[in-house]
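Worth knowing before you read on, the calculation uses all heavy atoms, side chains too, and leaves out hydrogens, waters and symmetry mates.
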Amino acid sequence: MLHLRIHPDNPQPRLITQAVERIRAGDVVVYPTDAAYAIGCQIGNKSAMERIAQIRGLGPKHQYAILCADLSDIATYARVDNAMYRLLKANTPAVTTFILPATSEVPKRLMHAKKKTIGLRVPNNLICQLLLKELGEPLLTSTLILPNQDLPLDDPYEIEQQLEKRIDVFIDSGFGTLTSTSIVDLSTPNPEVIRRGVGDVSAFE
């Protein structure tokens with residue numbers, strides 16, 4: 001496992017580049033977000049996604065999410081009308097994952113099996129933003145919660161000890177948080193708050 005210690009406020013560009021090169025090569029990466037640590041890979045990499053599902057103990061009905069640098073990619077992955085786009089623009093970046101109708105560009109394995117939806121999030125975290133901009137495409141993402149655990153891993157020592165032989169890259173920016181994102185379902189006419197986390201969801205209530 002490649003352990004990269006990246007400063008949360010002044011990320012070292014060469015380490016960001018190193019991480020992105022490994023993601024492009026098909027690696028599974030653990031990285032900090034503006035909520036808890038997350039685990040991710042390239043959207044199109046089926047074997048890396050299967051490894052994430054195995055590490056997290058996720059079943060076939062799990063709703064995956066993608067992390068985007070901004071809303072410029074949204075039309076590629078989600079079907080949104082002008083009103084919904086304005087709503088998203090006014091509420092991103094945010095510590096909120098939005099559930100949206102997926103387009104045919106989204107691999108079926110990432111969609112909700114019945115609803116044909118995809119989770120989409122625009123983070124505010126500086127390391128996330130730099131990773132996404134250098135990668136030039138969204139990242140498949142999932143909160144780093146291990147099977148039979150209620151809270152995400154937040155201690156870099158624990159992450160290294162428990163996942164050293166199961167992940168390829170660990171971007172360590174110090175202690176994370178035990179907070180989850182909020183989740184808002186925008187795939188139906190009436191927005192529904194699925195989970196209340198640290199993201200402000202007052203605009204959708």
Side-chain angles (χ1 to χ4, degrees), residues 2-45 48-49 52 64-78 80 84-100 105-106 110 118-144 152-154 156 159 167-184 186 197-201 203:
L2 176 65
H3 190 155
L4 300 174
R5 290 177 175 84
I6 299 185
H7 195 282
D9 301 316
N10 296 291
Q12 305 92 314
R14 65 180 180 81
L15 298 184
I16 294 289
T17 297
Q18 207 174 344
V20 167
E21 285 171 352
R22 295 289 295 264
I23 292 167
R24 285 198 183 114
D27 283 358
V28 169
V29 59
V30 165
Y31 58 96
T33 73
D34 29 20
Y37 270 96
I39 185 168
C41 67
Q42 270 191 312
I43 291 176
N45 194 313
M49 191 204 100
I52 290 171
Y64 285 95
I66 57 175
L67 209 63
C68 300
D70 52 41
L71 293 178
S72 62
D73 292 317
I74 194 167
T76 305
Y77 299 100
V80 295
M84 193 185 293
Y85 181 82
R86 285 195 296 271
L87 189 63
L88 288 167
K89 194 168 176 60
N91 289 277
T92 55
V95 198
T96 304
T97 299
F98 297 101
I99 307 299
L100 299 162
E105 289 291 318
V106 178
L110 302 189
I118 185 69
L120 185 139
R121 183 169 157 219
V122 179
N124 209 17
N125 178 276
L126 183 56
I127 292 174
C128 275
Q129 280 288 337
L130 291 174
L131 279 175
L132 290 164
K133 282 171 182 169
E134 183 144 346
L135 185 62
E137 61 179 274
L139 199 62
L140 171 68
T141 187
S142 189
T143 303
L144 187 61
L153 288 178
D154 72 323
I159 292 172
I167 63 172
D168 305 303
V169 182
F170 173 33
I171 297 175
D172 177 357
S173 69
F175 277 85
T177 71
L178 295 175
T179 53
S180 299
T181 58
S182 295
I183 299 176
V184 177
L186 296 178
V198 285
D200 179 13
V201 292

From CA spacing to verdict: side chain to side chain contact (heavy atoms under 4.5 Å, CB included), L4, V169
CA-CA 7 Å; L4 300 174; V169 182; 4.1 Å; yes

I want to check something: taking the side chain as every heavy atom from C-beta on, are T76 and P138 in contact at a cut-off of under 4.5 Å?
no

Tell me the closest heavy-atom pair linking V122 and A69, and the distance in Å.
CG1-O, 3.4 Å

Show me the pairs that pass side-chain hydrogen bond (donor to acceptor under 3.5 Å, both in side chains) and involve residues 85-96, at least two apart or across chains.
none

Check whether any side-chain heavy atom of P11 sits under 4.5 Å from a side-chain heavy atom of I127, and report yes or no.
yes

Separation between CG of D70 and CG of L88, rounded to the nearest 0.5 Å
12.5 Å

Rounding to 0.5 Å, atoms NE2 (H7) and CG (L15) come to a distance of 12.5 Å

Are any non-hydrogen side-chain atoms of I6 and I16 less than 4.5 angstrom apart?
yes

Please check: side-chain N/O of D27 versus main-chain N/O of V29, any donor-acceptor pairing under 3.5 Å?
no

Pairs touching residues 30-41 that satisfy salt bridge (Lys or Arg N to Asp or Glu O under 4.0 Å), sequence neighbours left out:
D34-R121

Nearest heavy-atom contact between A65 and T97 is CB-CG2, 4.0 Å

Can you tell me how far apart CG (L132) and CG (L67) are? Round to the nearest 0.5 Å.
5.0 Å

What distance separates L153 CG from I159 CD1, expressed to the nearest 0.5 Å?
5.5 Å

May I have the step-by-step check of side chain to side chain contact (heavy atoms under 4.5 Å, CB included) for T17 and E134, ending in yes or no?
CA-CA 7 Å; T17 297; E134 183 144 346; 2.7 Å; yes

Of the non-hydrogen atoms in L139 and Q42, which two are nearest, and what is the gap between them?
CD1-N, 4.3 Å

Hey, does L120 have a side-chain heavy atom less than 4.5 Å from the side chain of C68?
yes

Would you say the side chain of V80 lies within less than 4.5 Å of the side chain of L71, judging by non-hydrogen atoms?
no

Distance col, row T33:OG1 vs L131:CG, nearest 0.5 angstrom, shows 11.5 Å

State whether the side chain of Q12 and the backbone N or O of R5 hold a donor-acceptor pair below 3.5 Å, judged by distance alone.
yes

Search all heavy atoms of T143 against all heavy atoms of P152 and return the closest pair with its distance.
CG2-CB, 4.0 Å

Spacing of CD belonging to E105 relative to CG belonging to L110, to within rounding of 0.5 Å:
12.0 Å

Pairwise side-chain contact, Y37 with D172, heavy-atom cut-off 4.5 Å (strictly under):
yes

Short question: side chain of D168, backbone of V28 - any donor-acceptor pair under 3.5 Å?
yes

Residues I39 and L144: closest non-hydrogen pair is CB-CD1, 4.1 Å

I need the full list of ring-ring contact (aromatic ring centres under 6.0 Å, His included) pairs touching residues 11-34, with sequence neighbours left out, sorted by first then second residue.
none

I'd like to know if the side chain of S173 and the backbone of P8 have a donor-acceptor N/O pair within less than 3.5 Å.
no

Are any non-hydrogen side-chain atoms of I74 and L100 less than 4.5 angstrom apart?
yes

Main-chain N/O of N124 paired to Q129 side chain as donor or acceptor, under 3.5 Å
no

Identify the heavy atoms of P123 and C128 that sit nearest to each other, and give their distance.
CG-CB, 3.8 Å

